[in-house]
*Asks:* 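Just dropping this structure here.
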Amino acid sequence: MGNRTIRVTDVTLRDGMHAVRHQFSVEDARAIAGALDRTGVAIIEATHGDGLGGSSVQYGFSKETEEDYLRAVCETVRNSKVAALLLPGIGTVEHMKRAADTGIQVIRVATHCTEADISEQHIGEARKMGLETVGFLMMSHMVPAGVLVEEAKKMASYGAQTVYVVDSAGAMLMGEVREKVTALREALPDEVEVGFHAHNNLGVSVANSLAAVEAGATRIDASLAGLGAGAGNTPLEVFAAVAEKAGIDTGVRLYPAMDAAEDVVRPRMARPVQTDRVSLTMGYAGVYSSFLLHAFRAAEQFGVDARDILVELGKRKVVGGQEDMIVDVAVELAKRKEVGAAGR
Ligand SMILES: CC[C@H](O)CC(=O)C(=O)O
Ligand SMILES: [Mn+2]
């Protein structure tokens with residue numbers, strides 16, 4: 001049985017930004033951060049959904065600058081620490097320095113699960129700046145546990161004090177979460193914590209987060225009302241209730257978390273976070289959300305079902321940056337459809 005005391009990182013103001021197209025105002029950020037602080041959550045992450053430097057033509061502009069969001073959150077909180085996410089290649093060391101100047105205490109450096117080596121410089125610099133430093137292995141469902149362990153060890157060797165198994169596509173079930181978290185827990189030095197970040201595309205984010213804790217994770221991500229990309233993240237208020245019933249101390253006070261979700265976040269949601277056919281297909285196929293728009297466009301162009309495209313991309317283990325394959329797959333599926341129709 002895993003550790004009974006864990007720390008939760010809330011991602012409403014970071015992953016949740018994807019769900020509102022990065023359009024929270026500074027006032028929204030203050031209101032949400034204040035409500036979160038009152039829940040007792042350990043860490044609050046804020047920034048563009050794609051992390052520092054994410055506000056751009058490519059990833060969509062956020063309503064306000066990242067420094068304004070971070071300063072507002074840092075000024076608002078009394079107890080929680082404040083974190084920012086950084087993807088090397090999108091965010092630079094310079095972005096990180098500017099974020100540190102706003103008063104954040106935690107940086108999370110995210111890479112694709114096979115590319116930990118690109119985090120070395122950022123993790124090293126973050127430690128020199130005195131930031132609590134976390135490594136974040138995105139799309140962790142795509143590789144076997146042994147590969148994930150090697151990548152996690154790299155992040156730990158660069159100085160990461162926690163390494164996360166990140167189920168970006170919401171594609172994992174509890175057995176896989178248990179296996180991967182256990183593998184990291186056994187392989188990493190005792191002083192390096194293991195974390196887990198879920199998405200709810202298959203409707204099992206809370207169960208997966210619980211499985212992660214049982215397997216030794218001491219850091220769990222969640223967001224108010226589950227606000228996040230795809231079908232959202234582990235809902236903080238639900239996880240707080242479930243963890244309490246399971247005898248796990250999250251430090252999150254249940255009623256303030258419920259009230260924050262209901263009174264502060266739900267009224268600010270652009271659309272409900274739900275397991276619709278798009279997010280469900282994403283979890284089922286195990287593909288990243290950046291493929292969705294392209295898949296739907298290609299589906300329309302070639303007269304095929306976007307879900308078939310996504311499932312095929314998942315089988316081919318396509319990664320971000322290989323969006324050109326979407327058209328290839330659509331063409332292939334359209335040909336198969338033609339041949340099938342001719343054969344009938
Ligand atoms: C693009 C960054 C991404 O949203 C990070 C994350 O939360 C995930 O991979 O799940
Ligand atoms: Mn996420």
Side-chain angles (χ1 to χ4, degrees), residues 8-22 24 43-56 58-62 66 83-91 95 106-116 118-119 122 134-143 148 151-152 155 162-172 177 180 195-202 204-206 208-209 212 217 219-236 239 273 275 279 282-283 285-293 318-321 323:
V8 176
T9 296
D10 180 90
V11 296
T12 312
L13 288 170
R14 202 281 302 162
D15 215 316
M17 280 288 209
H18 289 297
V20 296
R21 293 181 302 103
H22 322 285
F24 277 143
I43 300 168
I44 299 171
E45 185 172 71
T47 44
H48 186 279
D50 296 273
L52 297 174
S55 181
S56 58
Q58 205 171 354
Y59 301 104
F61 288 102
S62 51
E66 61 200 22
L85 182 80
L86 180 145
L87 277 69
I90 298 180
H95 285 114
V106 183
I107 190 84
R108 307 208 299 170
V109 182
T111 73
H112 183 68
C113 57
T114 53
E115 289 173 4
I118 65 168
S119 66
H122 298 79
V134 174
F136 206 68
L137 289 167
M138 298 185 291
M139 300 294 278
S140 286
H141 74 284
M142 289 189 76
V143 291
L148 204 60
E151 298 297 308
M155 284 183 158
T162 302
V163 182
Y164 264 72
V165 175
V166 179
D167 185 14
S168 310
M172 290 188 185
V177 172
K180 288 181 172 167
F196 179 68
H197 172 102
H199 279 270
N200 201 35
N201 299 33
L202 292 174
V204 286
S205 62
V206 174
N208 278 351
S209 301
R219 305 286 289 270
I220 292 293
D221 283 7
S223 66
L224 289 169
L227 192 71
N233 298 101
T234 303
L236 178 69
F239 183 66
V273 165
T275 313
S279 54
M282 193 179 139
V287 294
Y288 202 59
S289 55
S290 61
F291 293 158
L292 295 176
L293 188 65
V318 170
V319 297
E323 278 78 1

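We count ligands from 1, going down the list as the structure has it; atoms in each ligand are counted the same way. Here the structure is a predicted model, which means the values were calculated and not measured. The figures here come from the full heavy-atom set of this structure, side chains too, leaving out hydrogens, waters and symmetry mates.
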*Asks:* Does ligand 1 have any atom sitting under 4.0 Å from a heavy atom of G49?
*Replies:* yes
*Asks:* With carbon and hydrogen excluded and only N/O/S kept, which atom of H197 is nearest the Mn ion (ligand 2)?
*Replies:* NE2
*Asks:* Would you check, one step at a time, whether the test side-chain contact (heavy atoms from CB on, under 4.5 Å) holds for C113 with L148?
*Replies:* CA-CA 7 Å; C113 57; L148 204 60; 3.9 Å; yes
*Asks:* Verify side-chain hydrogen bond (donor to acceptor under 3.5 Å, both in side chains) between T111 and S119, making sure each step is shown before the conclusion.
*Replies:* CA-CA 7 Å; T111 73; S119 66; 5.5 Å; no
*Asks:* Below 2.8 Å, can you find an N, O or S atom of D221 next to the Mn ion (ligand 2)?
*Replies:* no
*Asks:* For H95 and T47, what are the C-alpha separation, side-chain angles and deciding distance, and is it a side-chain contact (heavy atoms from CB on, under 4.5 Å)?
*Replies:* CA-CA 11 Å; H95 285 114; T47 44; over 6 Å; no
*Asks:* Out of S140, S168, G228, whose heavy atom sits nearest atom 9 (O) of ligand 1?
*Replies:* S168
*Asks:* I need the atoms of ligand 1 closer than 4.0 Å to a non-hydrogen atom of H199, numbered in the order shown.
*Replies:* 10 (O)
*Asks:* Can you tell me how far OG1 of T114 sits from CE of M138, rounded to the nearest 0.5 angstrom?
*Replies:* 10.0 Å
*Asks:* Between D167 and K180, is there a side-chain N and carboxylate O pair less than 4.0 Å apart?
*Replies:* no
*Asks:* Answer yes or no: does an N/O atom from H18 fall short of 3.5 Å to an N/O atom of ligand 1?
*Replies:* yes
*Asks:* Do you know which N/O/S atom name in D15 is closest to the Mn ion (ligand 2)?
*Replies:* OD2
*Asks:* So how far is it from D221 CG to S205 OG, rounded to the nearest 0.5 Å?
*Replies:* 11.5 Å
*Asks:* Check whether any N, O or S atom of H199 sits under 2.8 Å from the Mn ion (ligand 2).
*Replies:* yes
*Asks:* Note the single closest protein heavy atom to atom 3 (C) of ligand 1, along with its residue, its atom name and the distance in Å.
*Replies:* Y288 OH, 3.1 Å
*Asks:* Just verifying a value: how many Å separate I220 CD1 and N208 CG, rounded to the nearest 0.5 Å?
*Replies:* 9.5 Å
*Asks:* Check the orientation of Y164 and F136. Use parallel for under 30°, tilted for 30 to 60°, and perpendicular for over 60°.
*Replies:* tilted
*Asks:* Heavy-atom contacts with V166 under 4.0 Å: which atoms of ligand 1 show up? List them by number with element.
*Replies:* 8 (C), 9 (O), 10 (O)
*Asks:* Hey, does R14 come in under 3.5 Å of ligand 1, counting only N/O atoms on both sides?
*Replies:* yes
